[in-house]
Amino acid sequence: MQTTTRTAASRELHKGKVAIVTGATYGIGLAIARRLAQEGAHVVISSRTQEHVDTALAQLKSEGLNVSGIVCHVGNEDHLERLVKVTVEKYGGIDIFVSNAATNPFVGNMLDCSKETWNKILDVNLTAVFLLIKLIVPHMEKRGGGSIVLISSIAGYSPTLGIGPYCVSKTALLGLTKVLASEFGPMNIRVNCVAPGLIKTKFSTYLWQNPDLMKEINEKLPLKRSGNPEECAGAVSFLCSSDASYITGETLIVSGGGQARL
Ligand code: NAP
């Protein structure tokens with residue numbers, strides 16, 4: 001697969017912008033944070049674990065990137081408030097928000113999912129996104145605009161059996177994207193979404209550690225392979241950039257051609 005090597009000074013697409021990325025210490029979120037920083041943004045990374053934040057920060061800083069980090073479990077409202085407060089106090093505002101953190105603690109039939117598990121999935125994957133946006137948008141308004149990208153999933157379009165509640169939460173993000181894009185357009189705040197297909201990360205370990213299953217999945221895809229986090233990061237960076245200045249309310253599917261719609 002073709003990969004692109006970037007240096008800190010390779011492009012200036014997001015020069016001077018302040019970006020928040022949740023769930024950004026490994027996997028797709030880390031790749032997004034790296035890409036936005038490579039393209040000139042100051043990126044505030046976050047996740048549940050101080051150790052993961054420290055490790056990711058050390059790595060990104062060793063690459064010469066302009067990043068800082070803070071612990072933020074998106075299911076904890078105090079953490080959400082602190083993330084926004086610290087970012088605004090230290091960096092003066094927020095221009096870009098990428099909502100990437102999600103959870104999938106349940107595998108089984110819908111009828112076997114307890115109310116507690118259902119609520120946890122919706123709290124982390126949907127309600128936290130809404131709450132963070134409520135906190136962030138006033139700061140984007142003060143800057144005269146901004147860009148928000150929600151990370152959904154191809155499973156939000158075409159449900160995967162066994163992870164029903166997760167699929168529902170990801171479908172809801174497609175609706176949230178449309179509603180917010182309409183409301184925030186007059187504030188010059190664009191809201192878009194990226195729906196990854198199968199991307200090789202810790203989150204999808206149970207799939208790619210099963211070679212027979214992977215072969216079956218890949219054979220159905222036009223590109224005949226799973227994706228990597230950097231391929232999602234490129235889509236997010238584009239949507240956050242001025243190259244996408246007339247795009248809002250859209251979802252980019254990054255799935256190797258896996259079908260989600262016509
Ligand atoms: P991952 O490799 O498991 O990485 C998850 C990241 O989020 C880590 O930095 C983790 O760090 C953090 N995190 C987990 N729970 C969190 C929480 N409650 N609050 C804050 N941070 C949290 O996952 P991924 O594959 O990169 O997935 C990223 C996004 O892509 C998710 O929205 C997922 O639904 C979506 N997606 C993934 C795939 C795929 O095939 N991988 C496909 C479609 C959609 P800590 O452990 O330190 O919290």
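All values below come from the heavy atoms of this structure, side chains included, with hydrogens, waters and symmetry mates left out. We count ligands from 1, going down the list as the structure has it; atoms in each ligand are counted the same way.
Only the side chain of H52 comes within contact range of ligand 1, with a heavy atom under 4.0 Å; no backbone atom does.
The ring of F203 has its center no closer than 6.0 angstrom to the ring center of Y26.
At the top of the distance list for atom 7 (O) of ligand 1, counting protein heavy atoms only, stands G23 CA, 3.2 Å. Among protein heavy atoms, the minimum distance from atom 38 (C) of ligand 1 is reached at G197 O, 3.8 Å. Nearest protein heavy-atom neighbour of atom 23 (O) of ligand 1: F203 CB, 3.2 Å. Residue, atom and distance of the protein heavy atom nearest to atom 20 (C) of ligand 1 are C72 O, 3.1 Å. In terms of protein heavy-atom proximity, atom 5 (C) of ligand 1 is nearest to Y26 CE1, 4.0 Å. In this structure, the protein non-hydrogen atom closest to atom 31 (C) of ligand 1 is N100 O, 3.2 Å. Ranking the protein heavy atoms by distance from atom 36 (N) of ligand 1 puts Y166 OH, 3.8 Å first. At the shortest separation from atom 25 (O) of ligand 1 among protein heavy atoms lies T201 OG1, 2.5 Å.
Residue T25 approaches ligand 1 through these ligand atoms, each under 4.0 Å from one of its heavy atoms: 8 (C), 9 (O), 11 (O), 47 (O). The distance from ligand 1 to the heavy atoms of S152 drops below 4.0 Å at these ligand atoms: 35 (C), 44 (C). Atoms of ligand 1 lying under 4.0 Å from at least one heavy atom of G27, given by number and element, are 2 (O), 26 (O). Applying the 4.0 Å criterion to heavy atoms of A102 picks out, from ligand 1, the atoms 15 (N), 31 (C), 32 (O), 34 (O). Applying the 4.0 Å criterion to heavy atoms of H73 picks out, from ligand 1, the atoms 18 (N), 19 (N).
No side-chain donor-acceptor contact under 3.5 Å links Y166 and T103.
The shortest N or O to N or O distance between V74 and ligand 1 is under 3.5 Å. Checked against a 3.5 angstrom limit, the closest N/O atoms of L198 and ligand 1 fall outside it. The shortest N or O to N or O distance between S153 and ligand 1 is not below 3.5 Å. Polar contact check, S46 against ligand 1: no nitrogen or oxygen pair lies under 3.5 Å apart.
Residues S47 and H52 share a closest heavy-atom pair of OG-CB, 3.9 Å. Here the closest heavy-atom approach between residue S152 and residue C193 is recorded as CB-SG, 3.5 Å. What you find for H42 and Y91 is that their closest heavy atoms are NE2-CZ, 3.2 Å.
Of the listed options K202, K170, K120, R48, R48 places a heavy atom closest to atom 16 (C) of ligand 1. Between atom 40 (O) of ligand 1 and the options I28, V53, I199, N104, the minimum heavy-atom separation is to I199. Looking at S47, S255, A33, it is S47 that brings a heavy atom closest to atom 21 (N) of ligand 1. With atom 43 (C) of ligand 1 as the reference point, the heavy atom nearest to it among P196, A56, A24 is part of P196.
A salt bridge links R225 with E231; the closest basic N to acidic carboxylate O contact falls under 4.0 Å. Here K85 pairs with E89 in a salt bridge; the nearest charged N to carboxylate O distance falls below 4.0 Å. Salt bridge present: R34 and E63 bring a charged side-chain N and a carboxylate O closer than 4.0 Å.
Residue contact annotation: T103 has no non-hydrogen atom under 4.0 Å from ligand 1.
Side chains of E77 and L131 form a contact here, defined as non-hydrogen atoms less than 4.5 Å apart. A 4.5 Å side-chain heavy-atom check between L198 and I217 finds at least one atom pair inside the cut-off.
Each of I70, L80, V21 was scored for a side-chain contact (heavy atoms from CB on, under 4.5 Å) with S46, with one residue passing: I70. Evaluated for a side-chain contact (heavy atoms from CB on, under 4.5 Å) with S255, the options I154, I199, L223, L221 yield exactly one hit, I154. The residue from V18, N188, I94 that alone fulfils the side-chain contact (heavy atoms from CB on, under 4.5 Å) condition with R143 is V18.
The neighbour count for K134 NZ, taken as heavy atoms of other residues, nucleotides or ligands under 6.0 Å away, does not exceed 12.
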